[in-house]
2 protein chains.
Amino acid sequence: MAKRLRQKDIAQLAGVSQATVSLVLNAAPATQARIPAETRERVEKVIRETGYVADPVARRMVKGLNRILGVFTYEPAFPSEQADFFTPFLFGIEEAAQALGYDLLLLTGAGTQRKIFAENVRLRLADGCVILGRKFDNTELARLVAGDFPFVAVGRRDDAGGPVPYVGGDYAPATSALVERARALGHRRIAYVGLNEGAESTIDRWYGFSRAIGDAELVASIFAVDRPPAETLDILVSAGASCVFFTELADAMRVEAVARERGLSVPGDLSIVVLGNHIRADEPGRRFTSFAIPREAMAKAATEMLVRRVENDAPVEQLLLPCEPVEGDTLGPLSPKTKKTR
Amino acid sequence: MAKRLRQKDIAQLAGVSQATVSLVLNAAPATQARIPAETRERVEKVIRETGYVADPVARRMVKGLNRILGVFTYEPAFPSEQADFFTPFLFGIEEAAQALGYDLLLLTGAGTQRKIFAENVRLRLADGCVILGRKFDNTELARLVAGDFPFVAVGRRDDAGGPVPYVGGDYAPATSALVERARALGHRRIAYVGLNEGAESTIDRWYGFSRAIGDAELVASIFAVDRPPAETLDILVSAGASCVFFTELADAMRVEAVARERGLSVPGDLSIVVLGNHIRADEPGRRFTSFAIPREAMAKAATEMLVRRVENDAPVEQLLLPCEPVEGDTLGPLSPKTKKTR
DNA sequence: TTATCTAGCTAATACGTATTAGCAAAAAGA
DNA sequence: TCTTTTTGCTAATACGTATTAGCTAGATAA
């Protein structure tokens, strides 16, 4: 590999000093920089012809910005099983970065540690960082909040020694709306399957559910995920639930399949609602009544927020984007048979 | 935030020089560094108590290479329709980069132009670049080959003013194997649907097909993609083809559907072979007899090759990875009825 | 006692960039 | 013509780390 070109080399080719190259590159107002057009053009020509780009590391040493946005994911961004989780987010991030003239640096250099502040994570190489993951490390979050490095989280985050800048989905009201819809359809024996604590997205769903349940009764709750579907269905049936809310699509799908095997009809005998949605519109299988998570829009808005923080030292912003309902076909009226037998 | 601690500060607290702090931190063999245990422990204590961590950016300044790999895609990587194409490749790249301690720079500056040498593409931010896409720009490829910037293409590429470093799929023998299998099953009237020129992957498939056809007859060839499936089927039927090879899965799927509508059985009346494979294992519909494209492995190997070029100025390598056959259920024996009526 | 060797550091400098004080020559003003 | 101002740069230095030649004091050998 040819040695990386330095400004010193460009200076030599253009017949000026390194300081002049730097001044030209940084396009200070002509009146300020005091470089005449002829000199500037000569230097720009050399830069163009050589493809020279300033070393981002050196620039960051002297506190310069590189128009690079870091992307840190607590899980690998592209593994087969995760591909559908991160892809829409990455699309949103890339779209915004592109429009704003920023390149994206995926901080993979840390290896398998998956810690923002792991030894080899060169967070500072980027001007700022978008952070994604199902579950954040709150110690790291607090450290980021306490520090001066600009970042934005995708997904709502509780305060961590101070307010966390984020763009999330407004899961609580979206959940409430689905609960209210179920109640409007006559459902009074309702169940909830999924975690109710831990990640903020989980807490929001439970909050929205609890707030909207009203005069309906929570006849069963399973604050867990990945339970054997048959067992889950047993609990739901023996509790006489007519409508069940799942936080995880995968759980809903498995239980729906078992219900079908047992001759239960969905939504005739049991309505199923998912507090989230299919990532892929063309996914096989049942279309569950749910709400749409605006992943791309969240990530896009987070990226734009980050750039505001990088460029203007903008104050902390916290934004929740609405989640539109998805009709699906798994929530239906309380049927007379269902009501009578329970 | 407290000002970032430097080694100079640690040195002051420990009563040594900055150079000593660095030597302690880098744990050179004691015999080499000549720092006695007492001094070392005193410095380590200060480091521990202050939580000092060396600035990765400053470290990189003195080491030269930035350990950044560019990723350039000739098509946008993340819009929904392309995600399935690029995701497995990106997984392979990420995996390798992670293992090798490199960060990945997504070059968004290309925007809608999708040119490596477009004005806003800051190629030289990275130490080297992996290049992906269905179709490459040969002018740019030639420029890369002529230049000194390390790159590796994913997918076989013809020479461009010199050999192109690449990792591709070995499509020709994989195609030949499928043709030989069809002949072994008795097929003698064979058809080919898809391009036979243009991209190297296309050329390799046609080459492998042509080489293996032997005493069988090419009774129909449609060197095009995206033809109306009914029209394609008409040509195949009137030519009396008993087995057809498609380069594009999408074309095969459409023709198979039309064949089914017409009461033709696959593979009973017409065998269909796809020279490639489903990207997603859980995709709906027919499982075609095909071969597996080792996308992840290709990208992983390309990334590793690139790092060899970046770190060791390694010579041009060109690697083709084998494509394992996928059984599927669309290729079957030449049936007596088929033979008799044609 | 003198000469030589060794241990324990440190001063200096490299890395590539951005910034700024300041120099020298040319231009403008008196 | 002399003085002041302006223009067009450049030398010097900061950033935080890693590296190494070299200094000094103490220990060892003659």
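All figures in this text were calculated on a predicted structure; none of them were measured in a lab. A note on names: the letters A, B, ... follow the listed sequences, proteins ahead of strands, and every chain is numbered from 1.
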Nearest-angstrom distance from the residue atom [atom1] of [X] to [atom2] of [N]:
| X | N | atom1 | atom2 | result |
| --- | --- | --- | --- | --- |
| B:L125 | C:dT17 | CG | C1' | 14 Å |
| B:D55 | D:dC15 | CG | C1' | 9 Å |
| B:I47 | D:dT17 | CD1 | P | 10 Å |
| A:R34 | C:dT20 | CZ | C1' | 10 Å |
| B:M61 | D:dT19 | CE | C1' | 14 Å |
| A:Q7 | C:dT19 | CD | P | 11 Å |
| A:D9 | C:dG16 | CG | P | 8 Å |
| B:L25 | D:dT17 | CG | P | 8 Å |

Margin query: For B:T20 and B:A58, find the nucleotide of DNA chain C closest to each by heavy atoms; which residue's nucleotide sits nearer the 5' end?
Written below: B:T20
Next item on the list: For A:T39 and for A:Q18, find the nucleotide of DNA chain D with the closest heavy atom, then tell me which residue's nucleotide is more 5'.
Entry: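 Comparing both residues, the 5'-ward one is A:T39.
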Checklist line | Short side-chain N/O contact to C:dA18 OP1/OP2 from A:R59, under 4.0 Å | finding: yes
Margin query: Any side-chain N or O of A:Y52 below 4.0 angstrom from OP1/OP2 of C:dG16?
Written below: no
Which nucleotide wins on minimum distance to the side chain of [X], given the candidates [options]?
| X | options | value |
| --- | --- | --- |
| B:P36 | C:dG8, C:dA14, D:dT7 | C:dG8 |
| B:A19 | D:dT10, C:dA12, C:dA14 | C:dA12 |
| B:N26 | C:dG8, C:dG16, D:dA18 | D:dA18 |
| B:S22 | D:dT7, D:dA18, C:dT10 | D:dA18 |
| B:L23 | D:dT17, D:dC15, D:dT20 | D:dT20 |

With no hydrogens and no angle check, just 3.5 Å: does a side-chain donor-acceptor pair link [X] and [Y]?
| X | Y | result |
| --- | --- | --- |
| B:R134 | B:S201 | no |
| A:N66 | A:D127 | no |
| A:Q12 | A:R6 | no |

Check: Checking all strands, does A:A54 fall into the base, sugar-phosphate, or nothing category for heavy-atom contacts under 4.0 angstrom?
Finding: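 Here A:A54 touches the backbone only, sparing every base.
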If you take all heavy atoms of [X] and [Y], which pair is closest and at what distance?
| X | Y | value |
| --- | --- | --- |
| A:K115 | A:V121 | O-CG2, 3.3 Å |
| A:A302 | A:V154 | CB-CG2, 3.8 Å |
| A:Q7 | A:Q18 | OE1-NE2, 3.0 Å |

Item checked: Passing option when B:D148 is tested against B:R309, B:R143, B:R124 for salt bridge (Lys or Arg N to Asp or Glu O under 4.0 Å) -> B:R124
Next item on the list: Would you please indicate yes or no on a ring centroid separation below 6.0 angstrom for A:Y74 and A:F72?
Entry: yes
Next item on the list: Name every residue in residues 10-17 of chain A that has at least one heavy atom under 4.0 Å from any atom of DNA chain D, in order of residue number, or write none if there are no such residues.
Entry: A:V16, A:S17
